[in-house]
Structures are given as C-alpha cells and as structure tokens.
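Side-chain atoms are counted along with the backbone in the values below, which use heavy atoms only and exclude waters and symmetry mates.
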Amino acid sequence: MDDEGFFGPGSAIWRVNREGVLLLGGGRALILQVAHPLVAAGVAEHSNYREDPWGRLYRTLDTVLKMVFGSTAVARAAGERLARVHSRIHGKTTEPGGRYPAGTVYEASDPDLLMWVYATLVDTAMVVHRRYVGPMSVAEEKRYYSDQMTLGEHFGIPRDRQPQTIDEFRDYFASMLASDRIGATDALRDVADATMNPPLPRVTKPLVGTLNLLTAGLLPDRIRADLEIPWGPRRERMLSASDAVLRRTLPVLPSLLRDVPPARSAEVRMGMRKKTPILGRLGREIRIGAGQPG
C-alpha cells in the first residue's frame, strides 16, 4: 500500500475534488485567471493558447490533481515542476490593463499573481460543487479551505500571503473582481475567444455550445460585461434547464463515470479498490495526472 500523499481519503479536498463535474468550470477559471492583466500578459507571451486554448488549463489541473491525489513523491515532484515553469515566465506588458500601464514588469512566481490564479480554481470548484453536487456545511467549507491553503503552499504561495479563513477568501475574491487589478485587455478577449471557439470539428458544435452556455452562466457579471458576452432571461432559462438535468443525473452515475480518474487511481494505489475490468483491458487508467504508474 502506498502513502496517502499530502491529504488522504479522509480529507475534505479529496471528497470535493474527486467530483468530475468540477471540470465543467474549467472555462470559467481560465477566463477569470486571464482577467488579471499581468496574468494575461504572461499567457499571451509564453503560451500557444490560440492553437491549444485548453492546454494551459489542462496542465494546471494536471498539477493540482497530482498534488491532491498523488503519492507524496508524485505530489512533491508536481509542485517542484510547477515552480520551475513559473520561474521561466516573466516580462513586461505590451498593453495597458486596469491599474497596470503598458511596460509593467510581471513574474509568474509573484505570490500575488499565483494567489489570483489559484483563487480562481478554488472559487470555481466551490461554485460548481454548490451548483451541481450540493452545498457544503459551514464546517465542511472551513475544512475544505484549510486543505486548499495547504495545497496553495505547494502551489507556491506562502501561507501568510493567503487569506486565512474562508470568509477572508470570499472577501479577497470579491474585492479583486471589484478592483482595477482586474481589467479587460486584448489578451483577455483573445483568450476568451479561443476558449469559447476552439478549433474543433463541426460535429462538436452542440457540445461546445452547451459548454459555452455553462461557462458564460458561471462567469461573474462584470467579466461577462467586459467581454460583451450576451446574457438575459432566455439564456438563464436554458442554463437552468441543463442544470436540472445534470443535478438529476449525477447521483445515479457510477463512480467510474462520476469521479476524476486520479481519485480512482489513488484508491487503487492505496489498496482501497481494485482496478476495474476496463482498466485491466487498457493496462492503465486514462486520466489527468493520477500519479499511478501504468
């Protein structure tokens, strides 16, 4: 039996982050991250987001899931790898945005920028979980945020640079959205367009449309307005209808379909469950960074 890693099956973060439905918030998290002009500059200068709009988010989620569900060695290696990547991302903005004039220096390893990127993941996870899985109790939210603070340290944010309670986190997130530290830039508009209009075959258009509706509905009003994403009662009703279907479907899904693969792989690694026949046939689990050898 392998070790539990940074957290373990009794933790709140295992219980919440194992829900595959949280991945539906990916577009929201990605757009919110790039709503910070300095993050947007780093993404525009150091990624191929136009050709691979979801690649950066995939890599971030891969790292986070390894740190949540991987063994200690896998989780620690993921954090070290992330730090090396961030150390190479720096430069100057080429356009003004919010309070930041063109020419503002940025570094991806800056704890303030890391805090914003990480906060979008935490907030999105809680928003999507509350909407589709169900609300957490006050005590559960406190335990979940405590776990997230620990994960934030491995993400590169010193504990004393993070909001210290779930209430302080909510205040931080709301104040960021209301401030001039967030601002619409050409980079934000381009990333949003690439995210919501990916270069996929025409046959996937209905699925992309559904995901875009969900992404738009989950975005804060200010960001929708900055991006001029149309929204109104008709789209709200469409979103509510799809929400209702998903909320009814989730409870009856088997864990093989409901849980993220890294959570299942972690339980296999720890001897808590056997590999499914599907895993036996494939030889390894198809996953986003499970940290389980194939």
Side-chain angles (χ1 to χ4, degrees), residues 2-8 11-34 36 39-40 42-43 46-49 52-90 107-126 128-129 144-145 147-159 161-162 191 195 259-266 269 284-294:
D2 207 338
D3 68 274
E4 293 185 345
F6 290 160
F7 300 100
S11 64
I13 200 168
W14 262 51
R15 186 182 69 79
V16 174
N17 283 36
R18 72 182 300 121
E19 295 283 355
V21 72
L22 300 189
L23 299 177
L24 294 179
R28 176 191 194 264
L30 182 58
I31 291 171
L32 281 172
Q33 288 167 18
V34 188
H36 193 303
V39 176
V43 171
H46 297 274
S47 73
N48 60 336
Y49 64 88
D52 184 19
W54 290 84
R56 176 178 166 275
L57 181 65
Y58 172 92
R59 291 186 290 274
T60 300
L61 292 176
D62 176 67
T63 297
V64 168
L65 290 173
K66 281 178 178 174
M67 289 193 285
V68 172
F69 296 107
S71 66
T72 301
V74 167
R76 185 173 289 119
E80 292 170 351
R81 203 158 43 243
L82 183 66
R84 289 195 297 271
V85 170
H86 285 158
S87 70
R88 299 194 294 266
I89 299 175
H90 50 81
E107 295 184 358
S109 57
D110 179 348
D112 287 340
L113 294 188
L114 288 175
M115 185 65 233
W116 174 247
V117 170
Y118 188 63
T120 66
L121 300 176
V122 177
D123 184 74
T124 296
M126 296 183 72
V128 175
H129 189 279
Y144 181 64
Y145 185 68
D147 287 346
Q148 288 285 10
M149 288 186 70
T150 299
L151 186 58
E153 290 183 274
H154 294 290
F155 202 79
I157 313 161
R159 202 171 186 88
R161 298 290 292 272
Q162 302 182 51
V191 168
T195 300
D259 296 342
V260 292
R264 299 195 303 273
S265 292
R269 184 188 77 234
R284 68 165 61 197
E285 183 162 5
I286 298 171
R287 62 196 181 275
I288 297 176
Q292 170 71 12

Looking at [X] and [Y], what are the two nearest heavy atoms and their distance?
{"X": "K66", "Y": "A78", "result": "CB-CB, 3.9 Å"}
{"X": "Q33", "Y": "W116", "result": "O-NE1, 3.5 Å"}
{"X": "T120", "Y": "R28", "result": "O-NH1, 4.4 Å"}
{"X": "G70", "Y": "A75", "result": "O-CB, 4.4 Å"}
{"X": "N17", "Y": "L65", "result": "O-CD2, 4.3 Å"}

Taking the side chain from [X] and the backbone from [Y], do they hold a donor-acceptor pair closer than 3.5 Å?
{"X": "Q162", "Y": "I157", "result": "yes"}
{"X": "T124", "Y": "L121", "result": "no"}
{"X": "R18", "Y": "R264", "result": "no"}
{"X": "W14", "Y": "V68", "result": "yes"}

Q: Kindly write out the residues that satisfy side chain to side chain donor-acceptor pair (under 3.5 Å) with H46, not counting sequence neighbours, or none if the list is empty.
A: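 Per chain and number, H46 pairs via side chain to side chain donor-acceptor pair (under 3.5 Å) with Y106.
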State, yes or no, whether a side-chain contact exists between [X] and [Y] at a heavy-atom distance under 4.5 Å.
{"X": "H36", "Y": "D112", "answer": "no"}
{"X": "E107", "Y": "L113", "answer": "no"}
{"X": "V64", "Y": "F155", "answer": "yes"}
{"X": "L151", "Y": "Q148", "answer": "yes"}

**Q.** Partners meeting side-chain contact (heavy atoms from CB on, under 4.5 Å) with A12 (sequence neighbours left out)
**A.**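 Partners of A12 under the side-chain contact (heavy atoms from CB on, under 4.5 Å) test: R143, Y144, D147.
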**Q.** R159/T150 under side-chain contact (heavy atoms from CB on, under 4.5 Å): CA gap, chis, key distance, verdict
**A.** CA-CA 8 Å; R159 202 171 186 88; T150 299; 3.5 Å; yes
Interatomic spacing from [atom1] in [X] to [atom2] in [Y] - rounded to 0.5 Å:
{"X": "L82", "Y": "T63", "atom1": "CG", "atom2": "OG1", "value": "5.5 Å"}
{"X": "R269", "Y": "E4", "atom1": "CZ", "atom2": "CD", "value": "9.0 Å"}
{"X": "Y118", "Y": "T60", "atom1": "OH", "atom2": "OG1", "value": "12.0 Å"}

(Q) Is the ring pair H154/F6 parallel, tilted or perpendicular, if the boundaries are 30 and 60 degrees? (A)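 The rings of H154 and F6 lie parallel, inter-plane angle below 30°.
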Q | Residue pairs involving residues 74-85 (criterion side-chain hydrogen bond (donor to acceptor under 3.5 Å, both in side chains); sequence neighbours excluded) | A |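 Checked against side-chain hydrogen bond (donor to acceptor under 3.5 Å, both in side chains) - neighbours excluded - no pair reaches residues 74-85.
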